Amino acid sequence: MVKRISHIGIAVKDLEAGIAFYQSLGLELEGIEEVPSQKVKVAFLPCGDTRIELLCPTSEDSPVAKFIEKKGEGIQHIAFAVDDLPEALTEAESKGIILIDKEPRPGAHHADIAFLHPKSSMGVLIELCKESDKVKK
Ligand code: ZN
């Protein structure tokens, strides 16, 4: 079902500080995008064929703001790339995995995304991600 890690989503309170840290490790900032559906600003830092995505809430009722409130800054989700997102969701559900999103929704980078429930995955919030052909290498 999954092909590789698309990206790792990391919740930060201060986007500039997060970017500066990963740049100090040698990663390059590819871009910043606002994702209204998630109420976050996302900074992309490619690393090999995956990316670090820094997620900074733009509103107090953003899921990422709630995450930071509960758990502090840190890894918020891991995203796996899939070829066919609706098919992957059907397959996951047929295996008894609890879905947060039964339907794909728009994510950053023109991708379609859907989250699986951490209850099914030992506490890890997993995103399935159909990356856009527009940005595929
Ligand atoms: Zn993501």
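Each ligand, and each atom within it, is numbered from 1 in the order the structure gives. Residue numbers run from 1 in the order of the sequence given. Predicted model, so just to flag it, every value in this text is computed and none were measured.
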Exercise. Under 2.8 Å from the Zn ion (ligand 1), which protein N, O or S atoms are there? Could you list them by chain and number?
Key: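 Atoms qualifying: His7 NE2, His77 NE2, Glu127 OE1.
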
State plainly whether the residues [X] and [Y] are in salt-bridge range, i.e. N to O under 4.0 Å.
| X | Y | result |
| --- | --- | --- |
| Glu131 | Arg4 | yes |
| Lys3 | Asp83 | yes |
| Asp112 | Arg105 | no |
| Glu60 | Lys39 | no |

Quiz item: Restricting to pairs with a member in residues 13-48, which pass ring pair (Phe, Tyr, Trp, His ring centres under 6.0 Å), not counting sequence neighbours?
Solution: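 Output for this query lists Phe44-His109.
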
Quiz item: Just one of Ser59, Ser62, Pro63, Cys56 clears the side-chain contact (heavy atoms from CB on, under 4.5 Å) bar with Val40, so which one?
Solution: Ser62

